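Computed over heavy atoms, backbone and side chain alike; hydrogens, waters and symmetry mates excluded. Below, read A as the first sequence line, B as the second, and so on, with proteins coming before strands; counting in each chain starts at 1. As the structure is a computational prediction, the values presented were derived from the model and not from experiment.
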Amino acid sequence: MKQLSALARQSSDLAASSLPILPSLSKLQQLAAGRRLAGSRELHALLLTSGLLSSSPAALTSLISLYSNSSSPVDALAAFSSSPNPPNLVAWNAAISALSSNSLSADALRLFRRLRTNPALSPDRFTFPCIIKALTDLGDIIEIRKIHALLFKFGLDSEIFAASAVVNAYLKMEFVDCAEKVFHDLPERDVVIWNSMVNGFAQTGRFTEAKEYFAEMLREGIVPTGFTITGVLSVFTSTADFRAGRRIHAFVVKTGCDLYVSASNSLIDLYGKCHGLEEAELVFESMLERDVFSWNSMISASQYSGDHVKALQLFGRMLLAGVQPDAITATAILPAISQIAALASGQETHAYLLRHGITNGDVFLDNALIDMYAKCGSIDDARVLFDQMPQQDLASWNIMIDAYASHGRGQDALELFNSMTAAPNEVTIVGVLSACSHGGMVEAGREIFRRMEAGEYGISPAAEHYLCMVDMMGRAGMLEAAKEIAAKAEGAAGAKGWRAYVTACKEKGEVDRAVEVAERVVEMEPEWSGGWVMAANAYGWAGKYEELAAVRGQMRRKGVRKVVGCSWVEVAGDGVHAFVTGDKGHPRAEAIYAAVHGIAGWVRDGGCVE
DNA sequence: ATAGGGTTAG
């Protein structure tokens, strides 16, 4: 109360200068809503000084709901508690609502219990929806059942607002029979309670029921809303039923029902996940209003389609639009940065996340950061972050082991692997095997592979593991052993295994061995251009030009094209530059090629061979 | 004067 009077003194001058003497309450509300929290405080001060707060119960309730709508539940509760007169039931309801709609569920429950001890007041049809919502957030099924019984006691069991909240609660906690009973016992059902059924089933993975209720809802002639569309789209996205998702989009366009922001977001998500980048963009660009979900879904859609540059551009637009990124934005954007190895951008993004307190304790985000630092070459920074994590998950271990592997630090990878507190999975084993391979640690690698074959990790060797072993043996010059392992791998991995073997044969000058299996790669994976190129190269090394010409001829006839290699480099203060093989398009191409030749010369002079 | 339902991540 002391604080409030001080506040009143402070802002009464301001209020007096900008407002006529006691305008109507609704006018005040409009002004306050426009100015959000500051406006609410101004109104609060004015109501106190004018005495309106003690004479009008409506004034107190309006004030509580204003604070609630400006996301200030604590101020709402303070106004409620400091009321000069005992608050009436409407004020109690507004206060409970302020807490429950601002995620202060436990406080909402406490306030509700205090209301129950008040002999003069009983909860009504406005109280129940709020308290049920709070209990749903708390996941308290025991309390939900008690409150449900209480609804009958007060004769409010046919109230559709309370029933919607109850249905929502039961479905979230997978009490399907209870939810359906409440739903069917109602004398009338509106679109909201239908939405509760559809979305409740959708969220708990009961996709069939969700679709059935949606279909039934349409049969009953209920007009769907943006809430319905969002829920039903999430079903089709989860089940990868993109054609049905498209049909929903068409339905929305045809019936002209408003999409609202969330339903548009769900469409972007759907199109993003079915590689319909253009359609996702179409929806995104046509939105009049975008929230953080819109941006996150759109950035992820670029990301799924592999367009890292577009993802980064979108991120820039997001910041310009003044939308605050969150941890999900960061996990979507960091892989794009990693892909183009833009360390400066990565550091900048990390600093931004730290400044805005977005990093706190999100395992996904920490993993993305570790991966980014490792892929951008800053492996020791990656390790510092890894060690600082309060709790690493399996992905963290895998990322860090992979990081050491790709930096040729086999010993560090092996040490990390041996100190693992979590059980490894197949990805972990691939990482540690490739670390042994790149680090030339054949014996350690063979030992892990042997243990794997003996079932020690509970994982049986898969294609990738064979591939790692071929690579490892090949690099160590154990070509016969490499060949034996390549012969064990099948399918696409078999082809890659043979390619690894062929590469190793060439490295070791055993071109005859390479020629012997050159076409096996093509036989196994004729669609893969890499196999054809490999075969042609092998014949070239051995000087078998007739065979080489034959392979090239077949490649032409079949239209096999070599995929052009592409790389990026980040220049401090000058952004990211992309290059493809033989690229002369860069404004400073001449200087760049001169520098490359210079570096190649130093490397040769330093005694390095290919 | 006060009330119920929704989307995104390795």
Practice task
Would you classify Asn296(A) as touching base, sugar-phosphate or nothing, given that sugar-phosphate means primed atoms plus P, OP1 and OP2, and contacts are heavy atoms under 4.0 Å?
Solution key: base

Exercise for the section: For dT8(B), take OP1 and OP2 only and decide whether either is under 4.0 Å from a side-chain N or O of Gln303(A). Expected result: no

Handout entry: Salt bridge Asp387(A)-Arg383(A), side-chain N to carboxylate O under 4.0 Å
Key = yes

Practice task
Would you mind classifying the nucleic acid contact of Ile160(A) as base, sugar-phosphate or nothing, using non-hydrogen atoms under 4.0 angstrom?
Solution key: base

Exercise for the section: Indicate, with a heavy-atom threshold strictly under 4.0 Å, whether Phe80(A) touches base, sugar-phosphate, or nothing. Expected result: nothing

Practice task
Would you tell me if any nitrogen or oxygen in the side chain of Tyr304(A) comes within less than 4.0 Å of OP1 or OP2 on dA9(B)?
Solution key: yes

Exercise for the section: Select one nucleotide: of dA9(B), dT7(B), dG6(B), the one nearest the side-chain heavy atoms of Asn168(A). Expected result: dG6(B)

Problem - No-H, no-angle donor-acceptor pair, Asn93(A) side chain to dA1(B) base, under 3.5 Å - result: no

Exercise for the section: Give a yes or no on whether a donor-acceptor pair under 3.5 Å exists between the nucleobase atoms of dG6(B), that is its base, and the side chain of Asn265(A). Expected result: no

Practice task
Any chance you could lay out the salt bridge (Lys or Arg N to Asp or Glu O under 4.0 Å) test for Lys310(A) and Glu281(A), step after step, and finish with the verdict?
Solution key: CA-CA 11 Å; Lys310(A) 186 163 273 171; Glu281(A) 274 183 299; 3.3 Å; yes

Practice task
Determine, for Phe284(A) and Arg290(A), whether the Lys NZ or Arg CZ falls below 6.0 Å from the six-membered ring centre while staying within 45 degrees of the axis.
Solution key: yes

Practice task
Give a yes or no on whether a donor-acceptor pair under 3.5 Å exists between the nucleobase atoms of dG10(B), that is its base, and the side chain of Asp371(A).
Solution key: no

Handout entry: Aromatic contact, Phe214(A) with Trp194(A) (centres under 6.0 Å)
Key = no

Problem - Among dG10(B), dG6(B), dT2(B), the nucleotide that comes nearest once only the side chain of Phe364(A) is considered - result: dG10(B)

Problem - Given dA3(B), dG4(B), dA1(B), the nucleotide with the shortest approach to the side chain of Val90(A) - result: dA1(B)

Handout entry: Shortest side-chain distance from Thr331(A), nucleotide among dG6(B), dA9(B), dA3(B)
Key = dA9(B)

Practice task
Using a strict cut-off of less than 4.0 Å between a Lys/Arg side-chain nitrogen and an Asp/Glu carboxylate oxygen, indicate whether Lys133(A) and Asp137(A) qualify as a salt bridge.
Solution key: no

Exercise for the section: Using only side-chain N and O atoms of Lys273(A), determine if any of them is under 4.0 Å from OP1 or OP2 of dT7(B). Expected result: no

Exercise for the section: For Thr61(A), answer base if it contacts any base atom (sugar-phosphate contacts may also be present), sugar-phosphate if it contacts only those atoms, and nothing otherwise; contact means non-hydrogen atoms under 4.0 Å. Expected result: base

Handout entry: Touch class at under 4.0 angstrom, heavy-atom based, for Ser196(A) against every strand present
Key = sugar-phosphate

Exercise for the section: Could you check which of dT7(B), dT2(B), dG4(B) has an atom nearest any side-chain atom of Phe161(A)? Expected result: dG4(B)

Practice task
Just call it for Asp124(A): base, sugar-phosphate, or nothing, with non-hydrogen atoms closer than 4.0 Å on any strand.
Solution key: nothing

Problem - Polar pair under 3.5 Å, donor/acceptor by atom type, side chain Ser62(A), base dA1(B) - result: no

Exercise for the section: Check every atom of dA1(B), dG4(B), dT7(B) against the side chain of Val192(A) and return the nucleotide holding the closest atom. Expected result: dG4(B)

Practice task
Look at all strands and tell whether Ser97(A) reaches a base, only sugar-phosphate, or nothing, counting heavy atoms closer than 4.0 Å.
Solution key: sugar-phosphate

Exercise for the section: Could you check whether Asp362(A) gets within reach of a base, just the sugar-phosphate, or nothing at all, counting any heavy atom under 4.0 Å? Expected result: base

Exercise for the section: Look at all strands and tell whether Asp190(A) reaches a base, only sugar-phosphate, or nothing, counting heavy atoms closer than 4.0 Å. Expected result: base

Practice task
Compare the minimum distances between each of dT2(B), dT8(B), dG4(B) and the side chain of Phe293(A), then state the nucleotide with the smallest one.
Solution key: dT8(B)

Problem - Closest listed nucleotide, where the reference is the side chain of Phe227(A) and the choices are dA3(B), dG6(B), dT8(B) - result: dG6(B)

Exercise for the section: Could you tell me whether Trp92(A) and Phe80(A) have their ring centroids closer than 6.0 angstrom? Expected result: yes

Exercise for the section: Report which part of the nucleic acid Asp393(A) touches: base, sugar-phosphate, or nothing (heavy-atom distance under 4.0 Å, all strands). Expected result: base

Practice task
Describe the nucleic acid contact of Ala395(A) in one word from base, sugar-phosphate, nothing, applying a heavy-atom distance below 4.0 Å.
Solution key: base

